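Report on one structure; see the data block that follows.
Quick caveat, the model's predicted, so the values are computed rather than measured.
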Amino acid sequence: MKNGAKILIESLVHEGVDTIFGYPGGTVLPIYDELYDSSLRHILVRHEQAAVHAADGYARASGRVGVCLATSGPGACNLVTGIATAYMDSVPLVAITGQVPTTLLGNDAFQESDITGITLPITKHSYLVNNAGELGKIVHEAFYIAGSGRMGPVLIDIPKDVQTDVVAEPETVPEKVSIRGYQPTVRGHPRQIAKAASMIAGAARPVIYAGGGVIASGGDAELMQLAETLMIPVTTTLMGLGAIPSRHPLNLGMLGMHGTESANYAITECDLLIAIGARFDDRVTGKLESFAPNAQVIHIDIDPAEIGKNKAVDLPIVGDVWYVLKEINEKLTEHRVQGPWNGRLAEWKKTERATADTDILTPQYVVQTLSDILNGAGIIVTEVGQNQMWAAQHFSFTRPRQWITSGGLGTMGYGFPAAIGASIACPDEPVIDIAGDGSIQMNIQELATVVQYDIPVKIMILNNQYLGMVRQWQELFYDKRYSYTDMPSVDFVGIAKAYGVPGICVTDSSNVKDAIETSLAHDGPFLLDFRIEREENVMPMVPAGAAINEMILGEKR
């Protein structure tokens with residue numbers, strides 16, 4: 001005899017879950033009572049939004065399904081932004097919410113919200129559980145859906161009476177999940193793969209455009225094999241950073257609105273664009289008709305809905321990146337693209353940003369110094385805005401899952417709790433949250449969480465006392481009319497101290513290296529407040545509506 005809450009906890013353990021991020025409340029008390037004696041580790045966050053972001057960071061760092069738990073009504077609604085973040089970036093997540101008893105559903109009961117209805121557009125699937133005996137099967141299906149195909153979040157909403165209902169014989173959970181209408185295509189069509197190999201071998205100016213799907217599938221080695229065998233240059237999206245080492249000679253860097261000159265020029269002039277696990281997002285393409293205007297396009301993606309959605313495609317291949325690239329590589333013989341194309345790419349790369357200025361305290365210098373000190377180690381998590389772009393541009397990544405950020409939704413407040421999840425997933429790695437002074441304040445209460453559980457996340461605030469990216473747009477396109485983007489100075493070190501976290505405020509570039517080394521040497525959490533140049537901009541920048549080769553370059557720094 002087991003109640004629904006016990007079946008839930010046992011099912012999570014069976015799925016290999018070791019950590020849940022959550023916040024208790026009335027409608028999940030039976031679940032929390034079962035958690036009390038379970039083998040699962042529960043991290044008590046200080047806001048439900050932090051729970052879902054932490055589960056997201058855990059999933060991105062580990063490649064496993066993240067799990068969060070919240071009560072009904074406001075608790076469940078506080079998960080919505082994080083669920084949408086995971087949905088946009090295809091992150092495997094299971095969000096569990098409590099619900100009012102089934103007898104009160106639809107009656108506007110205390111702390112009732114239709115969370116399955118609210119999250120319908122931002123989940124892969126949702127369950128409102130009516131029978132405690134079905135919980136084992138539902139959990140098994142939820143994990144399968146979240147972690148297969150194009151990954152994403154799944155919601156399980158459990159009324160309180162279902163949690164307390166006692167079941168004599170729960171439904172048998174089949175080892176293999178079979179869901180009618182949900183059969184993701186993993187292997188690409190053989191004829192399409194053969195045609196792709198032929199097109200790639202015959203191209204004079206090919207470019208690989210790699211997105212987050214490469215990392216999600218574990219296809220980075222196959223990507224490298226394809227690039228190195230044929231000497232094809234690679235550019236990555238924001239979500240694809242780490243799929244190829246930053247300093248690899250074939251890496252052109254990130255493309256798009258804040259991409260490198262060489263990446264954006266190469267896309268504009270290529271004759272074959274090989275899009276792999278990417279979705280032709282507007283921040284990547286700019287003016288769509290000018291994106292790879294003279295190129296044939298091969299698009300490899302596990303989600304058929306993405307192929308042709310934004311950009312016309314000459315050769316679609318639906319399938320998992322790892323499988324598809326493996327089969328393409330098997331069909332390609334030794335063939336090198338050397339000469340004018342790669343020579344031209346080398347010339348473009350020579351014109352790009354130099355080492356950051358060290359005479360003044362610039363964000364570029366801070367990020368480069370961190371990168372040099374870590375020397376290939378560490379996991380970098382960011383908030384959203386200028387801090388995110390400076391980190392993407394100036395940190396040297398060496399491997400997949402080293403970079404964690406909110407790409408599609410652009411969620412401020414994401415970075416700190418996501419860094420908590422990443423640190424728990426990878427306890428032997430230094431985890432650094434690169435933040436802006438605006439976004440860090442959205443979940444700064446999680447300082448209490450890192451102290452309670454001694455989670456050694458390092459917070460590096462690039463503090464310009466502005467909502468920096470919005471201010472940059474106001475400078476460039478609104479005649480410097482800084483409407484409500486100026487943020488008064490905050491004593492972040494004092495706030496951290498109040499929670500029990502040590503910190504340093506850095507105002508001079510000569511102290512940057514020592515401050516970073518001090519923070520990394522500290523066993524627990526640590527905060528660094530870098531008072532950077534207030535009106536420093538992220539460059540290059542493609543204005544909205546412009547082609548990606550129409551960049552504002554700014555100063556070379």
Side-chain angles (χ1 to χ4, degrees), residues 8-9 11-23 28 31 35 38 40-45 47-70 75-76 78-97 119 122-127 138-157 212 215-216 218 239 379 381 400-409 411 413-427 429 431 433 443 446 449 453 455 457:
L8 172 68
I9 298 304
S11 299
L12 293 174
V13 171
H14 181 74
E15 295 297 328
V17 175
D18 54 26
T19 305
I20 297 176
F21 304 89
Y23 200 95
V28 286
I31 297 173
L35 269 172
S38 81
L40 294 175
R41 183 184 187 189
H42 179 277
I43 302 297
L44 174 63
V45 295
H47 192 291
E48 289 93 353
Q49 188 184 110
V52 65
H53 290 330
D56 177 303
Y58 178 98
R60 296 196 207 211
S62 66
R64 300 166 62 194
V65 178
V67 181
C68 61
L69 173 62
N78 281 337
L79 298 180
V80 170
T81 298
I83 291 171
T85 300
Y87 184 77
M88 289 285 280
D89 289 346
S90 305
V91 178
L93 192 73
V94 170
I96 301 167
T97 53
T119 60
I122 53 169
T123 53
K124 281 189 74 176
H125 194 63
S126 297
Y127 295 91
I138 285 172
V139 169
H140 193 46
E141 282 186 5
F143 273 75
Y144 173 71
I145 293 169
S148 62
R150 181 177 180 173
M151 299 177 192
V154 175
L155 178 82
I156 306 176
D157 193 32
I215 294 170
M239 301 306 301
I379 294 173
V381 189
R401 303 195 182 280
Q402 190 179 15
W403 167 251
I404 296 173
T405 198
S406 170
L409 198 64
T411 305
Y414 168 84
F416 185 23
I420 291 172
S423 185
I424 288 171
C426 304
E429 285 273 8
V431 177
D433 173 33
N443 273 310
E446 297 311 313
T449 304
Y453 298 101
I455 302 168
V457 170

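The shortest distance between side-chain heavy atoms of Val94 and Val17 does not fall below 4.5 Å. Side chains of Glu15 and Val139 form a contact here, defined as non-hydrogen atoms less than 4.5 Å apart. Val80 has its side chain within reach of Thr119: a pair of non-hydrogen atoms, C-beta onward, lies under 4.5 Å apart. Residues Ser38 and Val13 form no side-chain contact, since every pair of their non-hydrogen atoms from C-beta on lies 4.5 Å or further apart. Between Val45 and Glu446 the shortest side-chain heavy-atom distance falls below 4.5 Å. By the 4.5 Å heavy-atom criterion applied to side chains, Trp403 and Ile215 are not counted as neighbours. Here the side chains of Val65 and Val154 are not in contact, with every heavy-atom distance at 4.5 Å or above.
Residue Phe143 holds its CZ atom at 11.0 Å from NE2 of His14, rounded to the nearest 0.5 Å. The distance from atom CG of Asp89 to atom OG1 of Thr411, rounded to the nearest 0.5 Å, is 8.0 Å. Between the SG atom in Cys426 and the CD1 atom in Ile404 there is a gap of 7.0 Å [rounded to 0.5 Å]. In this structure, the separation between OG on Ser126 and CD1 on Ile145 is 9.5 Å, given to the nearest 0.5 Å. Distance check: Ser406 OG to His53 NE2 gives 7.5 Å after rounding to the nearest 0.5 Å. With rounding to the nearest 0.5 angstrom, the CG atom of Leu44 is 4.5 Å from the OH atom of Tyr453.
Ala55 and Leu93 get closest at one heavy-atom pair: CB-CD1, 3.4 Å. Across all their heavy atoms, Leu79 and Thr97 have their closest contact at CD1-CG2, 3.7 Å. Across Leu69 and Val28, no two heavy atoms sit closer than the pair CD1-CG1, 4.1 Å. Residue Ala425 comes nearest to Tyr58 through the heavy atom pair CB-CD1, 3.6 Å, listed as atom of the first residue, atom of the second, then distance. The two residues Val381 and Tyr414 make their nearest non-hydrogen contact at CG1-CE2, 4.5 Å. Across all their heavy atoms, Gly75 and Ala70 have their closest contact at O-CB, 3.7 Å.
Side chains of Tyr23 and Asn78: no donor on one and acceptor on the other come within 3.5 Å.
Remark: Thr405 engages Thr382, Gln388 in a side-chain hydrogen bond (donor to acceptor under 3.5 Å, both in side chains) (not counting sequence neighbours). Checked against ring-ring contact (aromatic ring centres under 6.0 Å, His included), His140 has no partners two or more places apart in sequence or in another chain. With sequence neighbours left out, Glu429 forms a salt bridge (Lys or Arg N to Asp or Glu O under 4.0 Å) with Arg399.
Without hydrogens or angle criteria, Arg60 side chain to Ala418 main chain gives no donor-acceptor distance under 3.5 Å. A donor-acceptor pair is defined here as one N or O able to donate and one able to accept, closer than 3.5 Å; no such pair exists between the side chain of Ser423 and the backbone of Ala419. Within the 3.5 Å criterion, the main-chain N or O of Arg150 finds a donor-acceptor partner in the side chain of Lys124.
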